[in-house]
2 protein chains.
Amino acid sequence: MPDAAARGSDAQLDRAFLALADPVRRGLIARLSRGPATVNELAEPFAITKQAVSKHIHVLEAAGLITRSRDGARRPCHLAPAALEELTAWIDSYRLVAEAQFRRLDTLLAAMDPEPRKEAGQ
Amino acid sequence: MPDAAARGSDAQLDRAFLALADPVRRGLIARLSRGPATVNELAEPFAITKQAVSKHIHVLEAAGLITRSRDGARRPCHLAPAALEELTAWIDSYRLVAEAQFRRLDTLLAAMDPEPRKEAGQ
DNA sequence: TCGTTTATCAACCATTTTGTTGATTACTTA
DNA sequence: TAAGTAATCAACAAAATGGTTGATAAACGA
């Protein structure tokens, strides 16, 4: 039997996917992909308070998607591409298996019956 | 200026990433990557009621990550690899930009100062 | 030191999410 | 038709999420 991580019971994956499930946080990711930025800089485009943005940043940091550094009174945020790569690796590990399944099924059906069967699903 | 989707304000992305931010739903995805299954089959490994699993399946379906079909009284679930591919595409679009930034910065710093600078962040 | 900038902490509220139990619908089979 | 199986609907409770306002801490600059 696969271990907990292989079955998907990883709290860090919970945090990372949850962090991406919000348009504000995805906007922060998009901005940070072009370089580091402070909370005030990140908050500027959004119609919410700086405190709310600060909370979003903590969600991203707890998920490991960003890191903070110190520059005087400023605490710039930096994207952590390695964490993003882990997410695509998780998704792709199942996507590729499923696509291989579909290819095998297509091949089998074509060999058994050249007539396309109608499936009740949409 | 990029449009709403490019900035990440896409409700479908919200649903898809939120759908993956739960260990039960990731377990369902993992199982479905090996082939279709019914609600009862999917519910068996989990210590929650069948109704709760049914709700999780609706979350995955609303996110476009799975589809349903009809087979008599059974309604099997099928993974939708194309939707998973869209998620990896979104993540990679920003990851790759950030990694290119880092490579440019590394090159610049190496050219300016061979001595590695200490950054206050972790 | 004093004022300003940067950012967080704390308390609170509305909404959403996740689970339960019990009833109901849809389909199959005897 | 009647019984059994597959799955959902409905109502409810507990917990988490996302936002606000107001107060506070930490570092800089004159």
Side-chain angles (χ1 to χ4, degrees), chain A residues 8-29 31-32 36-63 65-78 119-122, chain B residues 8-29 31-32 36-63 65-78 119-122:
Chain A
S9 307
D10 185 354
Q12 198 65 15
L13 276 180
D14 283 20
R15 295 190 201 98
F17 281 123
L18 185 63
L20 295 182
D22 181 287
V24 171
R25 289 192 293 258
R26 285 198 304 279
L28 299 178
I29 293 281
R31 165 64 185 84
L32 290 174
T38 65
V39 173
N40 283 340
E41 290 165 353
L42 289 169
E44 194 275 325
F46 295 101
I48 57 178
T49 63
K50 183 179 53 174
Q51 287 93 328
V53 172
S54 188
K55 284 190 185 180
H56 282 301
I57 287 170
H58 278 282
V59 171
L60 290 168
E61 189 178 13
L65 298 180
I66 69 171
T67 59
R68 312 290 301 266
S69 58
R70 170 69 74 175
D71 171 27
R74 296 179 184 77
R75 291 154 90 165
C77 305
H78 312 254
E119 170 80 7
Q122 46 171 340
Chain B
S9 306
D10 185 352
Q12 198 64 15
L13 276 180
D14 283 20
R15 295 189 202 100
F17 281 123
L18 185 64
L20 294 183
D22 180 286
V24 171
R25 289 192 292 258
R26 285 198 303 279
L28 299 177
I29 292 282
R31 166 62 185 85
L32 290 174
T38 65
V39 173
N40 283 339
E41 290 165 352
L42 289 169
E44 194 274 325
F46 295 100
I48 56 178
T49 63
K50 182 179 55 174
Q51 287 93 328
V53 172
S54 188
K55 285 189 184 179
H56 282 300
I57 287 170
H58 279 282
V59 171
L60 290 167
E61 190 179 13
L65 298 180
I66 68 170
T67 59
R68 313 291 301 267
S69 58
R70 170 68 76 172
D71 171 29
R74 296 179 183 77
R75 297 197 225 180
C77 305
H78 313 253
E119 169 79 8
Q122 46 171 329

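Note on naming: letters A, B, ... go to the chains in the order of the sequence lines (proteins, then strands), and numbering restarts at 1 for each one.
The side chain of His56(A) places an N or O atom within less than 4.0 Å of a non-bridging phosphate oxygen (OP1 or OP2) of dG19(D).
When all heavy atoms of Phe17(B) and Leu20(A) are compared, the pair lying nearest together is CD1-O, 3.5 Å. Taking all atoms of both residues into account, the shortest heavy-atom contact from Asp14(A) to Ala21(B) is O-CB, 3.7 Å. Heavy-atom minimum distance, Pro36(A) versus His78(A): CG-ND1, 3.5 Å.
We find that CG of Asp71(B) is positioned 12 Å from P of dC27(C), with the value rounded to whole Å. Taking atom CZ on Arg70(B) and atom C1' on dA26(C), their separation rounds to 7 Å, with Å as the unit. Nucleotide dT18(C) holds its P atom 14 Å from the CZ atom of Phe46(B), rounded to whole Å. A straight line from CG of Leu42(A) to P of dT8(C) spans 11 Å, rounded to a whole angstrom.
With hydrogens and angles disregarded, a donor-acceptor distance shorter than 3.5 Å links the side chain of Arg25(B) to the backbone of Leu18(B). In this structure a side-chain-to-backbone donor-acceptor pair under 3.5 Å is missing from Arg74(A) to Ser69(A).
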>> Counting primed atoms plus P, OP1 and OP2 as sugar-phosphate and everything else as base, spell out the protein contacts along nucleotides 4-17 of chain D at 4.0 Å heavy-atom distance: B, S or - for each nucleotide, 5' to 3'.
In response: --SBBB-B-----S
> Is there a side-chain contact (heavy atoms from CB on, under 4.5 Å) between Leu42(A) and Cys77(A) once you walk through the steps?
Replying inline: CA-CA 9 Å; Leu42(A) 289 169; Cys77(A) 305; 3.9 Å; yes
